[in-house]
Novice: 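Following this message is one structure expressed as structure tokens.
Remember, predicted model here, so these are calculated numbers, not experimental data. Side chains are part of it too, since the values below use all heavy atoms of this structure and drop only hydrogens, waters and symmetry mates.
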There are 2 protein chains.
Amino acid sequence: VVAVHGRWAHEWLLALGALPETLLWCPATPEEAPDELVAALATGAPASYRISPKTLARLHPGASAPDLISIVRLPRWSPAALLGGGGQLLLVADGIEYAGNLGTLVRTVDACGAAGLVLTSPVARLTHPKVFTASRGTVLTTPVVEFASVAAARRSLERAGFSVYVADPDAPSAYGDVPHPAASGRAAFVVGSEGEGVVAEWRDPGLARVAIPMSGHADSLNVAVSAAILLFDARARLAAGLAGRG
Amino acid sequence: VVAVHGRWAHEWLLALGALPETLLWCPATPEEAPDELVAALATGAPASYRISPKTLARLHPGASAPDLISIVRLPRWSPAALLGGGGQLLLVADGIEYAGNLGTLVRTVDACGAAGLVLTSPVARLTHPKVFTASRGTVLTTPVVEFASVAAARRSLERAGFSVYVADPDAPSAYGDVPHPAASGRAAFVVGSEGEGVVAEWRDPGLARVAIPMSGHADSLNVAVSAAILLFDARARLAAGLAGRG
């Protein structure tokens, strides 16, 4: 479960049709009647309570009335359902350390219409409140699956017919120059951790590697930025029916 | 000036050729001799000091020996030099609130080879330590210019021959369908703040607007992700000499 806080987050919950298991509402004054948002959430939640500013401050130091806190259950996604679905694009993220980046990856996967996100060796937890915020709540609606090992993830992707492309600044080919088979099949893009890139097991010579050419001084891009460039380019190429730019 | 902390950050400084004005070095033991990194930075810095673990903890609560802290001066860029240079691509960011996003925008501008970053109505300060970290230090090498108003920025961009494209989820055309004149001229892409998108002055009907099509539940993309999609697509189209995908 994940704890969600603030009015904005609760507007996302409602918009996504994701209802809290428990809703805690601290009104501005004890007499205040629930507004539309609070009423809608309270109707759908199995449990909802009015709390005092004192309780609010204990639960969420720094928060002040009026405020909302919810306990929300993240859906469980099965690898079989994610990989067995018809989606043509998939993102794999290896060793992600920061909750903010993990959330932005989820939001990017949602926006580009990819089937979901596969995690290997994650450090950041999916239930971190920052994942919810950075994903704009889409962590509740986007399939995210974690594999116990890179080898297990590779086996499952292969069986499901995905061609794998590993993002690597040192790869000999740029992403735009690689004809990728998503036009006829399925493509999974692998991006690596913020510090070290992908682990050795993803750098296997048996897998295709693609570089995002960089012109400046930085030795790498932000991991969510890399994912967005690869996924949106792949989506544009799918839409245009092109096998490559070249 | 910006305060920079930690070994990694100092390795970036050295790699970028950006030397601290003041270097504070807290060795692991009082007898320790400077290693290669410390020696190289100290040689280039006008002032460098050994400090005790006690002083370190006062300057940077939570830090522990060995550690490095530097005071670094951000270069000043003139709008005339940035806009008058030969660069074909430019990013404009309006109302950026979070230092982490601002830093990631700078890093993305650096990597895609754009001429620089123009800021209007920024909330986040360029000297925030998180800007340095998220930009991987490229805030020291990437031209960033702030305009006092949107009107002033528009006038300067126009005079310099830039066609302006405003990112707007409600725009009728997708970015990939808009033939953009960067193939023959110069293009500036405008992205908006994390909460509200671009301000009304950037939504002028006289300016071209482009949407990044979103398939999922989120109503917007992370601002650095949006910038990356637009800039890297523009760069790919420049490289391929295409006027559009359509």
Side-chain angles (χ1 to χ4, degrees), chain A residues 8 12 15-18 89 98 100-101 103-114 133-142 169 174-177 194-195 212-233 235-237 239-240 242 244-246, chain B residues 8 11-12 15-18 89 98 100-101 103-114 134-142 169 174-177 194-195 212-233 235-237 239-240 242 244-246:
Chain A
W8 269 26
W12 297 339
L16 295 168
L89 287 177
Y98 299 112
N101 280 341
T104 306
L105 288 169
V106 172
R107 184 176 173 190
T108 305
V109 164
D110 167 84
C112 84
T133 312
S135 79
R136 304 278 276 189
T138 57
V139 69
L140 296 175
T141 53
T142 306
Y175 69 97
D177 297 331
E194 297 89 347
I212 300 173
M214 289 181 289
S215 312
H217 294 90
D219 54 353
S220 67
L221 284 159
N222 170 276
V223 63
V225 160
S226 297
I229 293 167
L230 297 175
L231 288 174
F232 276 83
D233 177 66
R235 190 174 81 153
R237 284 157 67 168
L242 297 169
R245 290 184 190 272
Chain B
W8 269 27
E11 280 168 0
W12 298 339
L16 296 168
L89 287 178
Y98 299 111
N101 280 341
T104 306
L105 287 169
V106 171
R107 184 177 173 189
T108 305
V109 163
D110 168 83
C112 83
S135 79
R136 304 279 276 191
T138 57
V139 69
L140 296 174
T141 54
T142 305
Y175 68 98
D177 297 332
E194 297 88 347
I212 300 173
M214 289 180 288
S215 312
H217 294 90
D219 54 353
S220 66
L221 284 160
N222 169 276
V223 62
V225 161
S226 297
I229 293 168
L230 297 174
L231 288 174
F232 275 83
D233 177 66
R235 191 175 80 154
R237 284 156 68 167
L242 297 170
R245 290 185 190 274

Novice: Mind ranking B:Leu16, B:Thr108, B:Val225, B:Leu231 by heavy-atom pairs under 4.5 Å with chain A and telling me who comes out on top?
Specialist: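 So the answer, after comparing B:Leu16, B:Thr108, B:Val225, B:Leu231, is B:Val225.
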Novice: Is it the case that the side chain of B:Asn222 and the backbone of A:Thr104 share a donor-acceptor pair, with hydrogens and angles ignored and the cut-off at 3.5 Å?
Specialist: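 No, the answer is negative, given that no donor and acceptor are paired below the 3.5 Å cut-off.
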Novice: Using side-chain contact (heavy atoms from CB on, under 4.5 Å) as the criterion, list what pairs up with A:Ala111, not counting sequence neighbours.
Specialist: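 Here the qualifying residues are A:Phe232, B:Met214, B:Leu221.
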Novice: So which part of A:Trp8 gets closer than 4.5 Å to some heavy atom of chain B, the side chain, the backbone, both or neither?
Specialist: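 When you check distances to chain B, only side chain atoms of A:Trp8 fall under 4.5 Å.
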Novice: What residue, out of B:Gly113, B:Ala224, B:Cys112, B:Pro213, has the most heavy-atom pairs lying under 4.5 Å from chain A?
Specialist: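 If we count pairs closer than 4.5 Å to chain A, B:Pro213 comes out on top.
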Novice: Of the backbone (N, CA, C, O) and the side chain (C-beta and beyond), which part of A:Ser220 lies under 4.5 Å from a heavy atom of chain B, both, or neither?
Specialist: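 Answer is both: backbone and side chain atoms of A:Ser220 are under 4.5 Å from chain B.
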Novice: With a strict 4.5 Å heavy-atom criterion, list every residue of residues 133-142 of chain A that contacts chain B, or say none.
Specialist: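 Heavy-atom contacts from residues 133-142 of chain A to chain B are A:Arg136, A:Thr138, A:Thr141.
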